[in-house]
Structure formats: C-alpha cells, structure tokens
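If you're wondering where the values come from, they're calculated on a predicted model, not measured in any experiment.
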Amino acid sequence: MSRFSTLQATSPVTLYHDGHCPFCRVEVAWLAKHRHQQRVALVDIQSSDFNAAEVGRRFDDMMGLLHVKDSQGNWYIGMDASRALYAVLGYRWLVWLSCLPGLRGIMDAGYRFFARRRVRLGQWWEKRQANK
C-alpha cells in the first residue's frame, strides 16, 4: 500500500467508533453537523445491535484502533482511518501533508500513543469538563 493510498478512499465511508469514548463522541457530534455528513455513515461499535463478526472483524481489535471502510470495501485502520475519513470530507491537502516522510511516522506514533490511553485520558477529560 502506498503512503498516499488513503487519498484514494471513496465515499461514502463507514466510521466504526466507540460510543463510550468521550473523544469519539465529540468527533461524531462534529461529523453529524459537517457540511459533507452524507459522505460518512456512523456506526457505534458499543451498540447492542453491532456485531463485529458481521463486518469480518474482531470487537477487541476495533476497540483498540479506529476503523473506516470505504465504498469499495477497503479498510483503513488507526491513523490511516483518520486520513481516509478526512480525505472524503474534503481535507485532502491535510491528508497529503500528514503522509509526508517524517511527519507520517510522528503522526502514526502519536495516534498509537493516544489510542492506548484514550479511555484513561477520556475519563480525566470528562472530570475536568465537569469541574468547569
């Protein structure tokens, strides 16, 4: 896969998100109001209606990293999922920039660092928001 392959993501895409994650909820709320919201279908993997096996995935894997599936059946996982999502929303220049050598590695590492800690960070963030 080319480092710019996320620019080839075709809409509509399906974003599989954790509805219990405070950061995911903020992003989903933004996406629901986005001018290109019709390009993204939102699926809460915490919903009782969701079955990861039906989409050929394991729930634990989907909880660990963001997953996006485009209209051609291509899966994008982790930071590439974010890149594919933003590409179909019209932010292709940001995606292109995030794919450049050096910056790509830093962003991928930052995403993995955040993804492993998102639950604890989310709990901390919600407490801070409640105290404001």
request  = Quick one: do Leu31 and Leu85 satisfy side chain to side chain contact (heavy atoms under 4.5 Å, CB included)? Show the steps, please.
outcome  = CA-CA 10 Å; Leu31 288 169; Leu85 175 65; 4.1 Å; yes

request  = For residues Tyr76 and Val13, determine if any side-chain heavy atom of one lies less than 4.5 Å from a side-chain heavy atom of the other.
outcome  = no

task = Step by step, work out the side chain to side chain contact (heavy atoms under 4.5 Å, CB included) result for Arg57 and Ile77.
result = CA-CA 11 Å; Arg57 299 288 168 188; Ile77 299 169; 4.1 Å; yes

Main-chain N/O of His20 paired with Arg25 side-chain donor or acceptor, under 3.5 Å = yes

note = Closest non-hydrogen contact found for Val40 with Leu42 is CG1-CD2, 3.8 Å

task = Given side chain to side chain contact (heavy atoms under 4.5 Å, CB included), test Arg128 with Trp124 step by step and report yes or no.
result = CA-CA 6 Å; Arg128 284 192 48 113; Trp124 170 82; 3.0 Å; yes

Under 3.5 Å, which donor-acceptor pairs link side chains of residues 88-96 to any protein atom two or more places apart or in another chain?
| unit_1 | atom_1 | unit_2 | atom_2 | d |
| --- | --- | --- | --- | --- |
| Tyr91 | OH | His34 | NE2 | 2.9 |
| Arg92 | NH1 | Leu7 | O | 2.6 |

ask   = Side chains of Cys21 and Glu27: closer than 4.5 Å at any heavy-atom pair?
value = no

request  = Specify whether Tyr16 and Phe50 have parallel, tilted or perpendicular ring planes, treating 30° as the upper limit for parallel and 60° as the lower limit for perpendicular.
outcome  = tilted

ask   = Are Arg104 and Asp80 close enough for a salt bridge, meaning some N to O gap below 4.0 Å?
value = yes

message = As a quick check of understanding, evaluate side chain to side chain contact (heavy atoms under 4.5 Å, CB included) for Val43 and His17, giving each step before the final call.
response = CA-CA 6 Å; Val43 175; His17 65 91; 5.6 Å; no

note = Scanning both residues in full, the closest heavy-atom pair of Ala87 with Thr6 reads CB-O, 3.7 Å

ask   = Quick one: CD on Glu54 to CG on Asp49, what's the gap to the nearest 0.5 Å?
value = 9.5 Å

inquiry  = Please say yes or no: joined through hydrophobic side-chain contacts below 4.5 Å, possibly via intermediate residues, are Trp30 and Leu15 part of one cluster?
reply    = yes

message = Tell me whether Arg83 is salt-bridged to Asp108, with the criterion being a basic N under 4.0 Å from an acidic carboxylate O.
response = yes

message = Which heavy atom of His67 sits nearest to which heavy atom of Asp61, and what is that distance?
response = CE1-O, 3.4 Å

request  = Give the minimum heavy-atom separation between Ala52 and Phe59, together with the two atoms involved.
outcome  = CB-N, 3.5 Å

remark   = Note: Tyr111 and Leu65 closest approach over all heavy atoms is CE2-CD2, 3.5 Å

remark   = Note: Ala81 and Leu66 closest approach over all heavy atoms is CB-O, 3.6 Å

Contact list for residues 109-119, test salt bridge (charged side-chain N to carboxylate O under 4.0 Å, His left out), sequence neighbours left out = Asp18-Arg118

